[in-house]
S.K.: 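My structure is below; once you've seen it, I'll send some questions.
Throughout, protein chains are lettered first and strands after them, A, B, ... in sequence-line order, and every chain is numbered starting at 1.
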Amino acid sequence: MSLICSKYLPEINLGKFSNYSKVERIFSNKSNEIDDVYIWGAANSTHFLCNEKITSISEIAIHNNKILVLTNKEANYLLNFSIKNNVEILVFENLFPFFNDIKYVSMEKNFDILLKKIIYLKKKNIPLKKISTVYSNLYLHKVERKIRNKSILDQAFRLYPLSGYQEVFKLKETRKNRTILCLDFNSMYPSVLDQSFFDPKYLEYKKVNKKVNSLDDIENGLHHVILYKCKNDYFKEYNYFQYINKKIKQSYTIEDEPIEILLFNDEIKFIFDFFEEIFIIDSIISHKSIKHPLCKEANSLYNQRLSFKKDNNITLASLTKLKLTLLHSCTNQKKFKRLNVKDKCHIQQLIVSHYDIPIEESEFFMEYFVKKGIIKFKKNNKGYDVDILDTTSAYNVLSLSAHVIAKSKVKLMETIMSFLSFQNLEICYVNIDCIHLSIESNDIDFFLNKFKHVIGDKLGQLKIENIATQGYWLDIGRYWLYSNNNLIEHKNILFNTPYLLDPYRKFRKFRKITKFEGFHYISEHNINLLNCLNMKKKIIKMDDHIKLCRFNQKTLTSIVNYKENLITNLKNNYPTYKGLIDEIFD
DNA sequence: AGATGCCAACCACGCAATTT
DNA sequence: AAATTGCGTGGTTGGCATCT
């Protein structure tokens, strides 16, 4: 028995793609230049302003249309009206999330700002459409122009998880003699685009069934491998593998049980020395290596970003940052296929046939996919319209996206491993392209000198974001950093937005539209910080610092143990977390 | 020789008119 | 009322010209 670490699957099976040999052209929507037409408006809690007229919200006479408002707050005021009159409310700050000066002031002021922003966009030649869609399509078009075709084997790459490495290793670090360094990679994903990728046109399935003897044995491609006996203690503890089960998604400390996983050639090369044996079952290999089609684009965008920063043009600098993030994600856009079925049990059959799920689990996955937005359905007079995520879509080049993620994880992991060899260094927090670590204060200069080759302004180098003396990391995207008792940086996702910067919010209300069988209704929810926290790791408590420890590999495989452990663990952890919140929020 | 831009034929799909 | 057919639209596809 081996521990399967991949997207949730009963088994990893590349074999079923063995006779996928056709090539198809990649599709791309060349975005037309015509702007979407909306009504521009603004609102406060009672009234609505558009066309120089103010009407009470309950009396707005607009139906089946689109209204563009500046802020989410206004959209919230118009929520009831929008459902009643079938009006879609578009929010400027969501469509163009690169302005740093948008906030709710008043109805009249907001309307003015909205007009000014629209004029600004026109001046900069930015189309009045959701910015991420516009540039995703543009970049995908560029990819298509360069490589034109892909093998339909490309769809096998959907089995590779696209999630990044995110984890908290320390809850609290307030030791007097220590300093916390917060490092960020400059554009992590774009920075790996200059490495060697492979042309999605020339993919081939290959049965291997051989162990890897040397680095030369590893062909370019995605490999289904079994890893035996980890020899590297750092990797045992800090690996980025995740065990994903129906109910579990968790990192773990590697023990002796073999691990079954999908890895790119880059990853196997990186971990080759860490394991006693690596056995390849089968692979999807490629015959031609290329640079990433958007490599040049990445470099020029990065240089643009630097020069905007130098000019102190914050808006355009953050627009360029947004564009940079779209470079790798444009090849994994979500495309849906619409199908019609007579009744609900046919939807389950669709899930079974589209996602290779055993029939007996279709009920579970129906719920799971609805929650994740992979499948949506609407009742109509004939039955159901089903929108199902199309993993075979010619709008995707999944092999490129997956490869970018894989290379980034290797790069991050390499950096972490090299840091770990530094004396008394502890990793506190890792989030995709960001590392927080703690070292002894006396060692700072030595550290900066030792790693000066990876620290700098260039694409892919590390930037020092903050230097702190105390830190609390309650969860991914939830941390507070202090320098001599002054808060210098914090993040608290959901509770804070860029425009709502109270660092100490524990409660929040939000409204949710629930769509059910054609009905729409609004429900209000309260969320509480303490209940949002993921407390799945073990706590090792010391006076002025608290470590978080991973579960062992064995605990995960036995469901009974896992559940028991999880419950006792939660019970143990709860008071500590509660105490910490009080400590931070006092 | 490959990358890129552009064009026109082609095809699928949705809507509406027409038939059963 | 349901099914079939026709039509228009817009996106897909393959080819060709031009550029580097």
Side-chain angles (χ1 to χ4, degrees), chain A residues 20-38 63-66 86 88 125 127-130 132-155 158 190 193-204 220 286-301 303-304 323 326-328 330-343 346-347 350 353-354 375-401 403-404 518:
Chain A
Y20 282 43
S21 53
K22 267 204 275 180
V23 168
E24 64 182 355
R25 184 151 167 184
I26 299 162
F27 299 160
S28 59
N29 272 329
K30 213 174 154 191
S31 57
N32 51 11
E33 296 301 313
I34 307 154
D35 293 350
D36 276 358
V37 183
Y38 332 115
H63 299 269
N64 311 319
N65 214 324
K66 290 179 182 178
N86 190 27
E88 194 181 343
N125 241 342
L128 201 51
K129 275 187 185 169
K130 192 173 184 193
S132 54
T133 318
V134 171
Y135 284 102
S136 275
N137 287 338
L138 178 74
Y139 295 139
L140 183 60
H141 184 68
K142 286 193 183 208
V143 171
E144 188 271 341
R145 290 321 313 180
K146 285 229 166 82
I147 55 182
R148 297 224 92 177
N149 302 300
K150 66 165 188 180
S151 159
I152 56 169
L153 247 177
D154 180 76
Q155 55 181 275
R158 72 157 193 266
L193 299 190
D194 67 339
Q195 298 180 23
S196 155
F197 286 79
F198 39 79
D199 194 329
K201 192 174 171 183
Y202 308 99
L203 300 176
E204 190 184 289
N220 287 335
S286 88
H287 301 298
K288 194 186 160 203
S289 63
I290 51 167
K291 267 197 170 182
H292 193 285
L294 296 170
C295 175
K296 273 190 200 154
E297 196 72 35
N299 279 313
S300 84
L301 280 174
N303 290 332
Q304 268 181 43
K323 286 186 187 175
L326 294 172
L327 288 182
H328 96 277
C330 71
T331 46
N332 61 27
Q333 298 181 40
K334 282 187 174 168
K335 288 285 169 187
F336 288 87
K337 234 190 319 206
R338 168 154 300 185
L339 302 159
N340 302 298
V341 295
K342 287 251 163 57
D343 59 64
H346 292 301
I347 304 180
L350 283 182
S353 60
H354 276 73
I375 186 166
K376 295 172 217 162
F377 51 88
K378 238 195 324 203
K379 206 169 181 173
N380 62 18
N381 44 2
K382 282 188 197 156
Y384 291 90
D385 282 336
V386 184
D387 286 332
I388 186 161
L389 187 69
D390 184 7
T391 53
T392 65
S393 162
Y395 283 97
N396 285 333
V397 195
L398 297 178
S399 57
L400 282 179
S401 283
H403 208 169
V404 172

S.K.: Would you list the protein and nucleotides 14-20 of chain C atom pairs, both N or O, that sit under 3.5 Å from each other?
M.R.:
unit_1 : atom_1 : unit_2  : atom_2 : d
C:dG14 : N7     : A:Arg25 : NH1    : 2.4

S.K.: Separation of A:Lys288 atom NZ from B:dG2 atom C1', in whole Å?
M.R.: 9 Å

S.K.: What pairs with A:Lys288 under salt bridge (charged side-chain N to carboxylate O under 4.0 Å, His left out), at least two apart in sequence or on another chain?
M.R.: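 Partners of A:Lys288 under the salt bridge (charged side-chain N to carboxylate O under 4.0 Å, His left out) test: A:Asp199.
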
S.K.: Taking only residues two or more places apart in sequence, or in another chain, which ones meet A:Tyr202 in a ring pair (Phe, Tyr, Trp, His ring centres under 6.0 Å)?
M.R.: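 A:Tyr202 satisfies ring pair (Phe, Tyr, Trp, His ring centres under 6.0 Å) with no residue once adjacent residues are dropped.
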
S.K.: Please report the distance, rounded to the nearest Å, between CD1 in A:Ile26 and C1' in B:dT4.
M.R.: 14 Å

S.K.: Nearest whole angstrom, please: distance from the C1' of C:dT12 to the CD of A:Glu24.
M.R.: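 Result: 12 Å.
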
S.K.: Atom CG of A:Asn149 and atom P of C:dT12: how far apart are they, to the nearest Å?
M.R.: 15 Å

S.K.: More than 12 heavy atoms of other residues, nucleotides or ligands under 6.0 Å from NZ of A:Lys335: is that the case?
M.R.: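 Enclosed: over 12 neighbouring heavy atoms sit under 6.0 Å from NZ of A:Lys335.
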
S.K.: Tell me every residue that passes side-chain hydrogen bond (donor to acceptor under 3.5 Å, both in side chains) with A:Glu297, counting only those two or more places apart in sequence or in another chain.
M.R.: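 A:Glu297 satisfies side-chain hydrogen bond (donor to acceptor under 3.5 Å, both in side chains) with A:Lys142 once adjacent residues are dropped.
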
S.K.: Please list, chain by chain and in numerical order, all residues satisfying side-chain hydrogen bond (donor to acceptor under 3.5 Å, both in side chains) with A:Thr331, sequence neighbours excluded.
M.R.: A:Ser401

S.K.: Without swapping roles, check the side chain of A:Lys150 against the backbone of A:Leu398 for a donor-acceptor pair under 3.5 Å.
M.R.: no

S.K.: Over how many whole Å does the gap from A:Asp390 atom CG to C:dT12 atom P extend?
M.R.: 12 Å

S.K.: The criterion is side-chain hydrogen bond (donor to acceptor under 3.5 Å, both in side chains); which residues satisfy it with A:Lys201, sequence neighbours excluded?
M.R.: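 A:Lys201 satisfies side-chain hydrogen bond (donor to acceptor under 3.5 Å, both in side chains) with no other residue.
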
S.K.: Would you mind reading off the distance between A:Asp199 atom CG and B:dA1 atom C1', rounded to a whole angstrom?
M.R.: 15 Å

S.K.: Rounded to 10°, tell me the angle between the two end axes of the helix from B:dA1-C:dT20 to B:dT20-C:dA1, each built from five pairs.
M.R.: 10°

S.K.: Return the value, rounded to whole Å, for the distance between atom OH of A:Tyr202 and atom C1' of B:dG2.
M.R.: 11 Å

S.K.: Report the distance from atom NE2 of A:His141 to atom P of B:dC6, rounded to the nearest whole Å.
M.R.: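 The answer, rounded to whole Å, is 9 Å.
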
S.K.: Of all residues at least two apart in sequence or in a different chain, which pass the salt bridge (charged side-chain N to carboxylate O under 4.0 Å, His left out) check with A:Asp390?
M.R.: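 With neighbours one apart ignored, the set is A:Lys337.
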
S.K.: With A:Phe198, which residues qualify under ring pair (Phe, Tyr, Trp, His ring centres under 6.0 Å), at least two apart?
M.R.: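 With neighbours one apart ignored, the set is A:His403.
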
